[in-house]
Amino acid sequence: MGATEVGRIVMLADLDYFYAQVEERRDRSLIGRPVVVCVYSGRTEESGVVATANYSARGYGVRSGIPIALAKKRLLGTEARFLPMDHEFYKQVSERVMAILKRNVDGFEQVGIDEAYLDVSNRVANFHEAEKLARKIKDEVWGSESLTLSIGVGPNKVIAKIAADINKPNGLTVVDDEDSKAFLSPLPVESLVGVGRKTAERMGQLGIRTVGELAAFDETALINEFGRALGAYFHRAANGEDEEAVQERGENESISRMVTLKEDTNDPKKVLEAAYTLCEDVVSKARERGLLFRRVGIIAVTTDLTIRMREKSLTAPTDDMQTVKRAVKEILEKHLGGNRQELRRVGVHISGFVRRMKGQSQLTTFI
DNA sequence: CCTCCACTCTC
DNA sequence: CCGTTTAGTGGAGG
């Protein structure tokens, strides 16, 4: 970048309908028909939800998060295929694609399995060159993986993300500095990262429906309504301002596992049996990474699908299975005891990581 | 300041 | 009709 330039050029690359597209790639017979990748809960033959659907299926109203049974109803009479998630495989494909992205940029920040922010400020002189680079990246990914992606190019992460969303699949949208405000202004507030259904509703109460209206709203009032960090972020983002750096993310700061129980219950024995399996999972994950942890918690989803979390801090960092199981038992019994509601799902969560030093035992010595 | 936990969001 | 995983903010209360 020239010394006079102050602006950045940031991209957001987003693999299109990722899981379903990967399935289309490995089985060409899927192409041209609705494809629905499912998370089966194991409770009954088809209980579970849709993880991702291809655009053919989306045409029938099939979206992420809807029950599989509902998706089947909507796709009745079509040649639709329903496939179980194959997370390991998607992860391998993702890693190969991310490697391609990485070698084309200076700054890289992966967000989830199918998205990454790319900082190309030092690699291209202007937005026109950035567009050419984006095209090259798309060609490379297509050439070696036969996958399409959508890329948004902008002066910062907020704009790049929205630009990528605006035109998919297989899109490429460039929004340069001068166009930012005009680009953002008419969009619904939900276009901004961090504004979901609930927040959009609250903004609606304030008479804010578009990003332009949000940009014009008093910042102090936003801070009052949404808190210091969020309020200030909404104000800046709506005005097209965002200084967030493109930065590689560190290690995860928590590990959790969750399962759907065979049947709704509040029998501690049944819930604990499931929870103990989850303990084994999370503890071995932590050990693989050489981590001790200070907090253990449970997640309980009741019959009416409300979610509760309970956690406690341990007196010392550990990765000892018995300690974890005891903690989980204690928290769970306390919760089930004071709660008549039956559970549908249960989860175990650990956090407060401390890297295990060489020679450090999991039984920390008290001084 | 720390702990707990609700809430929101994302893939 | 109903999953999974992780991050982050912020309020309440110690």
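Protein chains get the first letters and strands the later ones, always in sequence-line order, with residue 1 at the start of each.
- Close to C:dT5, at under 4.0 Å from its OP1 or OP2, lies no side-chain N or O of A:S254.
- When Watson-Crick and G-U wobble pairs are counted only if both distances are under 3.5 Å, B:dC11 pairs with C:dG3.
- Residue contacts shown for A:L305 include a base, since a base heavy atom lies under 4.0 Å away.
- Each of A:S41 and A:S256 was matched to the nucleotide of DNA chain C holding its nearest heavy atom; the match closer to the 5' end belongs to A:S41.
- Using modelled atom types, one finds a donor on one side chain and an acceptor on the other under 3.5 Å when comparing A:Q21 with A:T148.
- Picking from C:dC2, C:dT4, C:dG10 the nucleotide with the shortest atom distance to the side chain of A:T260 gives C:dT4.
- The side chain of A:T199 sits closest to B:dT8 out of B:dT8, C:dG3, C:dC1.
- Nucleic acid contact for A:E46: none, since no nucleic acid atom lies under 4.0 Å from a heavy atom of the residue.
- Which of C:dG8, C:dC2, B:dT3 sits closest to the side chain of A:E253 comes down to C:dG8.
- Rounded to an integer number of Å, the gap from CZ of A:F353 to C1' of C:dA7 is 13 Å.
- Rounded to whole Å, the distance from CZ on A:R344 to C1' on C:dG3 is 10 Å.
- Phosphate proximity of C:dA7 to A:R249: absent, as no side-chain N or O sits under 4.0 Å from OP1 or OP2.
- Here A:F226 lies in heavy-atom contact (under 4.0 Å) with sugar-phosphate atoms only.
- Rounded to whole Å, atom P of C:dT4 lies 10 Å from atom CD1 of A:I68.
- Two residues, A:I299 and A:R228, neighbour DNA chain C, and the one matched to the more 5' nucleotide by heavy-atom proximity is A:I299.
- Side chains of A:D304 and A:T302: a donor on one and an acceptor on the other come within 3.5 Å.
- Contact annotation: A:R308 does not reach the phosphate of B:dC7 (side-chain N/O to OP1 or OP2, under 4.0 Å).
- Here A:G297 lies out of heavy-atom contact (under 4.0 Å) with every strand.
- When the nucleotides C:dC1, C:dT6, C:dT9 are ranked by their closest atom to the side chain of A:K73, C:dC1 comes out on top.
- In this structure, A:Y19 and A:Y90 have parallel ring planes: the angle between them is below the 30° cut-off, well short of the 60° mark.
- Here the closest heavy-atom approach between residue A:N104 and residue A:V120 is recorded as O-CG1, 4.5 Å.
- Proximity note for A:R345 (side chain, C-beta onward) versus B:dC11, C:dC1, C:dG3: the nearest is C:dG3.
- In this structure, A:S47 reaches the sugar-phosphate backbone alone: every heavy-atom distance under 4.0 Å involves primed, P, OP1 or OP2 atoms, never a base.
- Here A:L230 lies in heavy-atom contact (under 4.0 Å) with sugar-phosphate atoms only.
- Residue A:I255 is in sugar-phosphate contact alone, with no base atom involved, counting any heavy-atom pair closer than 4.0 Å across all strands shown.
- Between A:N252 and the phosphate of C:dT5, there is no side-chain N or O to OP1/OP2 separation shorter than 4.0 Å.
- Atom CZ of A:R202 and atom P of C:dG10 are 11 Å apart (whole Å).
- Taking 4.0 angstrom as the limit, A:S64 places none of its side-chain polar atoms (N or O) nearer than this to OP1 or OP2 of B:dC11.
- Listed nucleotides B:dC4, C:dC2, C:dG10 differ in distance to A:P67; the shortest reach to its side chain belongs to C:dC2.
- Donor-acceptor pairing under 3.5 Å is recorded for the side chains of A:T303 and A:D264.
- At a threshold of 4.0 angstrom between heavy atoms, the contacts of A:V195 are confined to the sugar-phosphate backbone, with no base atom among them.
- Using modelled atom types and a 3.5 Å distance limit, the side chains of A:T318 and A:D320 yield no donor-acceptor pair.
- The distance from atom CZ of A:R74 to atom P of C:dC1 is 13 Å, rounded to the nearest whole Å.
- Judged by distance alone, the side chains of A:S41 and A:S47 do bring a donor and an acceptor atom under 3.5 Å apart.
- Side-chain contact of A:Y17 with A:E24: a donor-acceptor pair under 3.5 Å is present, judged by distance alone.
- Contact annotation: A:R257 reaches the phosphate of C:dT6 (side-chain N/O to OP1 or OP2, under 4.0 Å).
- Contacts of A:R294 with the nucleic acid, taken as non-hydrogen atoms under 4.0 Å apart, involve only primed sugar atoms and P, OP1 or OP2.
- As a whole-Å value, the separation of A:K157 NZ from B:dT10 P is 14 Å.
- Out of B:dC5, B:dC11, B:dC4, the shortest distance to the side chain of A:K161 is found at B:dC11.
- As rounded to whole Å, 10 Å separates atom P of C:dT6 from atom NZ of A:K91.
- The distance between atom OH of A:Y40 and atom C1' of C:dT4, rounded to the nearest whole Å, is 16 Å.
- Distance from the side chain of A:K312 is smallest to B:dC4 among C:dC2, B:dC5, B:dC4.
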